[in-house]
Amino acid sequence: TGNQSSEDTTNDSGGDPTDTDDSDDGSPGGDGGASFEYVTTVAPSSLDPMKGSDNLETILLHNVYDPLLYYTDDTPPELQPWLAEDWEVGDDGRTYTFNLRDDATFHNGDPVTASDVQYSVQRMMEMQNGFSWMWSGILSPENVTAVDETTVEMTTNEVFAPFLYTLPFLYVVNQEQVEANAASDGNFGEHGDYGTGWLEDNDAGSGPYVLSERERSRQIVIERNEDWWGTFPDGNGYGTVTTDIVQESATAAGRMREGAEMSDQWLPLQTYNDLESADGVRVHAKATFNPFYIYMHTQRAPLDDVHVRRAISYAFDYEAALNDVMAGDSDHLQGPLPGAMWSHTEDLPTYEQDFEAAQAELDQSDYSASDLDLNYTYVSGLTTEESMGLLLQSNLQELGGSLTVERAPWSNITEMAANPDTTPDMLAIYLSFSYADPDTFLYPAWHSDSHGSWTSAAWYQNDEVDQLLTDGRRTVAQEDRVPIYEEAQRIIAEDAPALFVMNQATRNAISERVQGFKDNGITGYRQTFHRYHQG
Amino acid sequence: MADPILSVDDLSVAFETYEGRHHVLNGVDLTVDEGETVALVGETGCGKSVTAKSIMGTLPRPPGEITSGSIGYDGTDLLADPDAHERVQGEEMSMIFQDPMTYLSPVYPVGSMMADVASYSGGKSVSWLGVLKNMLGRRTNRSEIRERSIELLDRMRIPDPEGTLDRYPVELSGGMRQRVIVAMALINDPTFLIADEPTTALDVTVQDQILGLLRERVEERNLSMLYITHNLGVAREIADRICIMYAGEIVEVGTTEEIFDAPLHPYTRGLLDSIPKLTGFEGDGIDGQIPDYTDPPTGCRFHPRCPAAMAGTCDVEPVESHAVGDDRAVACHLYEDGMSFGEAATIAAEEADGATEDAPTAEAGGEP
Amino acid sequence: MGHRSYLIKRGLSTIPMFVGLSVLIFTLARVIPGRPARLALGPRASDEAVQSLRDQMGLDKPLWEQYLDYVGGVVQGDLGQSLISNRNVATDLLEYFPATFELTTLAMIIAIFVGVPLGVIAGQHKDRWPDNASRLFSFFNVSLPPFWAGILLQLVVAFQLGWLPATGRVGDVSPMPIETTGLLLVDSALAFNVPAFVSSSQHLILPAITLSLAPIADIARMTRSSFIEEYDKDYVEGLRTHGIPERLIAYKYVLRRSFASTLTIIGLDYGFLLGSAFVVEIVFSWPGMASYGVEAILQKDINAMVGVTLVVGASFLLVNFVVDVLYGVFDPRVWHEGESQ
Amino acid sequence: MSDGESVAADADAPGLLERRLGDFDRVVYRFRQNPMSILGLCIIFGFVFIAIFAPYIAPYPADAGYQGQPAVHFDNKFAEPSAAHLFGTDQAGRDIFSRVLFGTRLSLRIGIVVLAAAVSIGVPVGLVAGYLGGGVGMALMRITDVFLSVPPLVLALAVSVALEPNLTNVMLAIAAVWWPWYARLTYGEVLSVKEETYVEASRGIGATSTRTIFREILPNVLAPITVKMSLDMGYAILVAASLGFLGLGAQPPTPEWGTMVSQGRDYMPAQWWYSTFPGLAIFLIVLGFNFLGDGLRDMFDVEVQ
Amino acid sequence: MSGDPLVSVRNLEKYYPVETGLLSRTESYVKAVDGVSFDIMPGETFAVVGESGCGKTTLGKTVARLYEATGGTIEFDGRDVTDLDGKSLRKLRRDIQVVYQDPSSSLNPRRRIGSIVKEPLVVHDVGTKAERDERVAELLRRVDLPVEFRHRYPNALSGGQQQRVAIARALAVEPKFVVLDEPTSALDVSVQAKVISLLADLQEELDLTYLLISHDLSLVKNVADRIGVMYLGNFMEVTDSRTLFEDPKNPYTEQLLSAIPVVESGEQLLKPPSVEVRGETPDPKDPPSGCPFHPRCHRAFDACDAVEPELVEVEEGHQTRCLLDPGPKAEAVADHRSDDVTREEVTEE
Ligand SMILES: Nc1ncnc2c1ncn2[C@@H]1O[C@H](COP(=O)(O)OP(=O)(O)OP(=O)(O)O)[C@@H](O)[C@H]1O
Ligand SMILES: Nc1ncnc2c1ncn2[C@@H]1O[C@H](COP(=O)(O)OP(=O)(O)OP(=O)(O)O)[C@@H](O)[C@H]1O
Ligand SMILES: [Mg+2]
Ligand SMILES: [Mg+2]
């Protein structure tokens, strides 16, 4: 498939009401181009750029708002200039200076200025919602200064190497517009409601699309911003993007068959299989950054014994998991990091099913097979996780142990993981990916500072790893960080605090007409509608 | 004498239930002459209402079944001709019921029900549209019917008849309701009236009033009436002739005076004795209880309770009604057809003496 | 006088019920283990953020104070913020409730229009084949799990025959009617928007039928038994002896009174219907309050959960109030009850 | 006295045993009058039989997690119904037929536990409220009314989430929303029984309230309660299945019908058998209890709602 | 009569609250029993007659302490029992028993006859198990029921037999005083006679005192020693049964008597001359002013709707409540009349 990065396309001159090149293909949308139907089974709960944090929200937000920096569509993605034309990092590794481009305007015509960036940080950090956790303790609003109209300076509280990689999630809002539309009574003191009410149905962004209609739980329409500073594919880009929210995967599949452009990645496998054979639809599957772990509670007997953990790691039938439970296109994880992430090392012990090895490990431990009376908890409704549990159950049975499989609603699981006593022996988790840095997987899962969060349900405690992961954050240069993470991966893999089951392939059903799609594995950044065009 | 207006002949009715077949009525003979009031008297469960329902044609079938007999009304056999039955039912015959509390629809003002009786009586069919119109309160000759109702209620001595028409039954006292029911029965000017214990649920004073009203109407319009009651006193007040019923059989028929003065059948006598009287009360009732209709006693149905029962006769031979004297019939093996009244009275007196020392003597009824 | 005082009395008596209901639900919601503030902020929120939200939500106050705050809000139409939609629950409910209302009401209408005649026919032919058939039909209906019935209908009518859409509330029509009542059928009819009307009716049919199955059965059974009971009453016999045509007896007298009994069942069934809507909306992806409620309950979105349950309870109380009023219309005796007791 | 003798003679006539048999006959007669109730009884017996002998009937007991030996055969997932797998297989290749059979155990257990719990709360509340009447009775009934104003499914959903959503709690939750129905039924019955003269007579004799409640009132309200229980058994199973359908139910690999229907829904319409057969099982068992309950209702001649 | 009464009732009141208004505030009462006084001597049968709803049952049950009196006192055997409660009340119940109107509803359909009759013995803990069984057999024999009936359920019995069971139950703990609340009105006449004679025998044999409630004047005439005629919660006339029929003083009594349907011509002579009977019992919630009977009374005059008559003793043991015999109210009556009209004059009108 053709991959067209925005740099390749020539500058779009802006609104051309008579531009109807696409009229032979699909239904015409707004006057700027063809319409794009995106079908999803998940409804966004908020369209506030400082509140949104899940997949669909991110999709919509980064199409409507511009961040300072943007991800490329490579895997792993690199950073590309966006509102910031260029940037500098100070010698102390904490001071970042961004030069904004001067041709960017908000949808209402206001120019994007440094103070808007400053305001956006402030709004983000004061509302403490959405992606604010990324900068919590790292960036304080008072350390962001608008040096001049187009220069912003940010100083982090400490050296935080992944900082730049987090910036694609910091959306810039139009301060004046937000303030003008903020309700006076709200939870944010002098800021009233901080414009949260208004921003649900309106936008204050500068991005490639403008929010034109939001009908909760039914559809959201965004329309091409003809005055956008960036460039759309020449002539046959998409003018209107309609996000259709359907509850049923069957409906979603139906829409795809009927000619919708793209579906989300949450449909059942079976549905994708069916869609694959449908005319005009292709199913894009790629294992990027979607690791599935089965955490083992390293602070509770018998899982506190590394040999027991390894024995279990040897007992699990990865092959069945990858080929029978899954469709065969997911990767077996080698250590905690997905293979596509930089710093991933091939040089790690990988566990394959091997009962002899398992027995041998078990023999080395202080426990016998009969002590393996464990509990496996998974998120209600995720049949894949249930199947994994059942598989593990029968594998452990073979080893002589036993496993109960339990389901719990997600809200309960986060609750359970907050406390070592309530955390289940084994917990099935998809460790979702945020910013494009190894830190995003390793620190939340394996650093002891993260204990109490569902991301670290193994209650893994290894001082060496703690040190390495801290160093990884404090070291600015990427080439210096690679060996640090390689070492951390090695130790973690040996300690086997989880079954590193797989890196699950992400699927998207896409109409064969759509060109320019490339899965870079980043939540929300797969659906960069302004990069798409009709073939 | 002219033909009776109602003649029930050998009527037998059975009910099919899970316990088996109930042979309730067993060869009931009954006549009502024109302008005459006949009382049908008997204890609970003896089949009075079944008789009335058979005549009115409202016997539920199933489970009821008329196994034999005929019901003649004014020359037509009602059982043979259901159409005639329907016509007669609405136009000529009418009925008053025992329980004033339940014989009025609770959800319509009494006037509405009266109007329906006035206008639809007689099995006239009604279209769906008619039902709808009626429910919306549109009917033909509405005011005429209303006037008739008011007049009738007034004659029933109901204070404020106009207001009463618009009241719901709950708003009326028992006596008032019974008056309304009587008025309703009379609204189509029937010639024959069946009253099934219309005063049983009422106080004596109110009973007295209702009886007075009925008597008045009967005389005024020369109505024929079959009056059902278990109260011999009431029967005595209203009836010209009395039929005593026991266990689905008419055991004795006679003019009111004769029956009271000289009861022939041991059951009639027992019944009379059982009633406390102002003059004194010595009797102590009749032994035993009403028989089981699934397996009624052979022979005379009364024989298991009869103080005069003759073994070998009463428990074996079916009993026939014997005409005694001019206007008297009694179904008892003690008597024979064609006996004069005097003879019969003597037998009765002897029997009474045999049963108890101080039975009432029958000399008062000596002359026919 | 009877009518008015009965109405007022009956109306007033729902107030304590409503208060009781709100206390019950509120307490239930607050004793749920779990940290709503943390849930609200997402898994990666910092502790300070959580604490400040707790303060905002007043979660550290004593329960009764929270309750009073809540009631204060409810009175002003503020049901609190939903964690999953980030909006005031009242706003959410305004959006979702009409869909549920449309669905449940249509289901109830179907149930009444099918159930009552079915019951009458059965009652008139007691113990004969129409009665037995209706009985069997009723049993089948009440025994069908609504979610399964929905799935079967989808399988056959939508997937196999392709006659009706399987899920959703309206197809791709444009323009969508402007929202006035929130009831799509009504809105599209008001706007003479034929495609929207057709599409939304098509979408309504399967879920409404699914929902109506159990109440059809209940209503039919109740109508039948009260019809038979009423038919057995003395006054019916009275009317018959007066030669009143059977049709008039059955439909003017008997049905009216027995419909009053049926009404009580209708009131009760409306509650069950709202309950079944919780699964049926899921099956048919009906964007109504019930699916919102299920989500809220599973996600422990306390305000949403309390809001949904309150609205469900309140609708139930309201419907039963209406039923009681109608009962009086069909059986005027109740007007008099207040006076003579 | 003469009449004493004759009455005595009369007593001998029908015979004591016959009279009592008469009562029994009547009951059986009424029950038999209703062929559906016989059918219901057969269905229930069938399911009880299945529940007891599931391990022997089911072709693949392990697939239903029997005796803690879970079996998964991912290589055989979604096999269509065939002789080997009457109802096909699920996403883990397990035999749906076996799982449906084993599901019977759970459903019956839920029904029994829920009703036992609901009755043991509701009946005493109704008894006390009905017997005492006045303010206490009024207050108790108002409380039950409040519970009644939330549809059972909704309240059960909320309660079972409020507690940890495991099977026991699901049963508790259903019981928690069920007892008011028994309270109300009992209350109504007590109110009418209380009016009976024999209750007053009991007081007139000098019996204590407790004695009156247990000896005079309770026996007379049992019939409608029994009937309601048998009708409700099906409905409790249905509510439990609905909760299972919504994701609150037995833990895997225990087969639970509602959960199975719900999981199968993801694979509709291609793998239609996955949802269809467990749903059919729910339908049949509920139908059975409804038939039976209806028969009992006729038999005891009571009206319950 | 001489000696101390067994039961002595003074100004007994029993009001039922009537719920009206919006918030169910009690605003009015049905004065079902409104200041009734009477004595019953040991061994005597005192009868209360009156129309439906006049308060007979309420009176009986209040005297039997089944209902809480609103006012007044009840003395039993020289002891004030009006306010007994708890244990002492339960003990009193051994002495006072009630036989109810409807035998089928007064017997628990789910208990066997034996158990029903035995119940009072169990409740009062009388005797051993064997003794109780023996006593039950004896009681059944006493009421002319076969002992085998103890194994039956009430619905296998006829009405008369059921009433015998109820009587047996009442007699189980050897009461002194029995309230008979229309014990035969649900029965057929042929059966009624038997029950009445049984009751009479029992009274003689066991030295019982009866309060007999009935609406059947003919019956009452034959079995009662004294009779109270009740109207709207109060006695209109109280006297011995002979006098009541021969010389009724109260117009209400006259109406009642004249309305009785009789079966013998001899009886006719015992009835007072026929008088016009008007109207029905008024709504007890809203009783007429003055004399409660005046709207129906054939002898009513101007004072009747204004002055409430009192029960006055006009002859030894003969009380009546009528302004024709005004007693202490004479003056009030006179205020309403221009000329003094005597009883005879009014009668002649
Ligand atoms: N529909 C019916 N089905 C079965 N048996 C019936 C039916 N109607 C009447 N019977 C039986 O017929 C017998 C006579 O009943 P009927 O109503 O005629 O008595 P009755 O003389 O009117 O008594 P009462 O004085 O109590 O009104 C009773 O034993 C009754 O059980
Ligand atoms: N529990 C009660 N609550 C309210 N009012 C009552 C109650 N019981 C009786 N009443 C009223 O008290 C009055 C007297 O009733 P009571 O039953 O004592 O009359 P009664 O003379 O025994 O009548 P009957 O001959 O019909 O048995 C009636 O108006 C009745 O409506
Ligand atoms: Mg009768
Ligand atoms: Mg009474």
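First the proteins, then the strands, lettered A, B, ... as listed; each starts at 1.
Shown here for E/P261 and B/Q207, the closest heavy-atom pair between the two residues is CG-NE2, 3.2 Å. Between E/I260 and B/E237 the shortest heavy-atom distance is O-OE2, 4.0 Å. What you find for E/S190 and B/S274 is that their closest heavy atoms are CA-OG, 3.6 Å.
For E/I196, the part sitting under 4.5 Å from any heavy atom of chain B is the side chain, from C-beta outward, and nothing else. Proximity to chain E is absent for every atom of B/E257, based on heavy atoms less than 4.5 angstrom apart. For a residue to count as touching a neighbouring chain, one of its non-hydrogen atoms must lie under 4.5 Å from one of that chain's; by this rule E/N222 touches chain B with the side chain only. Contact of B/L272 with chain E is made through the side chain alone, with heavy-atom distances under 4.5 Å. Only the side chain of E/Q192 comes within contact range of chain B, with at least one heavy atom under 4.5 Å from a heavy atom of that chain.
Residue with the most contacts toward chain E among B/M176, B/R305, B/H230: B/M176 (heavy-atom pairs, distance under 4.5 Å). The most heavy-atom pairs under 4.5 Å with chain B, out of E/S258, E/S52, E/G159, E/G50, come from E/S52. The residue among E/A193, E/G53, E/G160, E/S158 with the most heavy atom pairs within less than 4.5 Å of chain B is E/A193.
Atoms CG and CG, from B/L278 and E/L257 in turn, are 7.5 Å apart once rounded to the nearest 0.5 Å. The distance from the CG atom of B/D208 to the CD atom of E/E276 is 10.0 Å, given to the nearest 0.5 Å.
Environment of CZ in B/R215: crowded, with over 12 heavy atoms of neighbouring residues, nucleotides or ligands closer than 6.0 Å. Around CD of E/E205, the count of heavy atoms belonging to other residues, nucleotides or ligands within 6.0 Å exceeds 12. B/R157 CZ: 12 or fewer foreign heavy atoms inside a 6.0 Å radius.
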Take E/V189 and B/E43 through the test side chain to side chain contact (heavy atoms under 4.5 Å, CB included) and record every step on the way to the result. CA-CA 8 Å; E/V189 273; B/E43 291 180 293; 4.1 Å; yes
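Side-chain contact check for E/V263 versus B/K277: some heavy-atom pair is nearer than 4.5 Å.
Listed for the E/E280 side chain is a donor-acceptor partner under 3.5 Å among the backbone atoms of B/G175.
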